[in-house]
Amino acid sequence: MLVSAFPAAAQNASQHKPPLKLDRPGWLPLTGPQIMQTFADRMLILDEAFEPYPGVRVVTFGMGGCPPTETFSANGGWTRFECRRGPHTYQGSWTTEKFRGGERLCVQAPDFPRLCRFVWAGIAGDRIIMGANREHQDDPQTYNPYRLTRTR
């Protein structure tokens, strides 16, 4: 998914600002224990209300009919729902792993390639930022804001 930003209050083309890519977060990624605590029994959804600057909203673009959602169980179970050519659900597991002096969140399921992402804390405990591109998971070029909601 690509990330760009437009003014939240823009009413016409004269107020339109060019797309902005969400820059790499300027803080340290979460540690493995912080990731485990933050994600356990939570659902991950895109945070379309995120404002990188006052009055500027992030707009995410993707291929398919709906943005993906991911659910992380405290017991290590993971589910992802997404729409591409049609709705599809993947069920697998999640964990953390050490990588390049930090730790990252990893998910895997049958028919879904293993995906590992660094996690940065957002402006609140339920807000995070992660890389948005599966092909460049070790060195993301784009980032998405996400929100975590309780599943129980």
With sequence neighbours left out, the residues meeting salt bridge (Lys or Arg N to Asp or Glu O under 4.0 Å) with E70 are R80, R117
Could you check if a side-chain atom of R104 sits within less than 4.5 angstrom of a side-chain atom of P29, using non-hydrogen atoms only? no
key: Ring-face cation contact, F72 with R42, 6.0 Å cut, 45° max   = no
Determine whether a donor-acceptor pair (N or O, by modelled atom type, separation under 3.5 Å) exists between the side chain of W94 and the backbone of S73. yes
(message) Within the 4.5 Å heavy-atom criterion, are F99 and C116 side-chain neighbours or not?
(response) no
Problem - Distance flag, aromatic centroids of F112 and W78, threshold under 6.0 Å - result: yes
Looking only at heavy atoms, the pair that brings T151 and M43 closest together is CG2-N, 3.6 Å
Practice problem: Run the numbers on R127 and Y146 for side chain to side chain contact (heavy atoms under 4.5 Å, CB included), then give the verdict. | Solution: CA-CA 6 Å; R127 311 273 174 157; Y146 295 92; over 6 Å; no
Practice task
Can you label the angle between the H88 ring and the Y90 ring as parallel, tilted or perpendicular, going by 30° and 60°?
Solution key: perpendicular
Residues passing the side-chain contact (heavy atoms from CB on, under 4.5 Å) test with P33, sequence neighbours excluded, are T31, E103
side-chain hydrogen bond (donor to acceptor under 3.5 Å, both in side chains) filter on Q91, not counting sequence neighbours, yields none
- Query: Does any non-hydrogen side-chain atom of V119 lie less than 4.5 Å from one of F39?
  - Reply: yes
Value for CD1 (I129) from CH2 (W120), rounded to nearest 0.5 Å, stands at 8.5 Å
Rounding to 0.5 Å, atoms CG (L30) and CZ (F118) come to a distance of 11.5 Å
Side chain to side chain contact (heavy atoms under 4.5 Å, CB included) with L148: of T38, D41, I45, D47, only one passes, and it is T38
dist L105:CG -> Q34:CD (nearest 0.5 Å) comes out at 13.0 Å
Check: I128 and L44 side chains under 4.5 Å, non-hydrogen atoms
yes
Those residues at least two apart in sequence (or on a different chain) that pass salt bridge (Lys or Arg N to Asp or Glu O under 4.0 Å) with D126 are none
Applying side-chain contact (heavy atoms from CB on, under 4.5 Å) to A40 and not counting sequence neighbours gives A74
side-chain contact (heavy atoms from CB on, under 4.5 Å) filter on T95, not counting sequence neighbours, yields C106
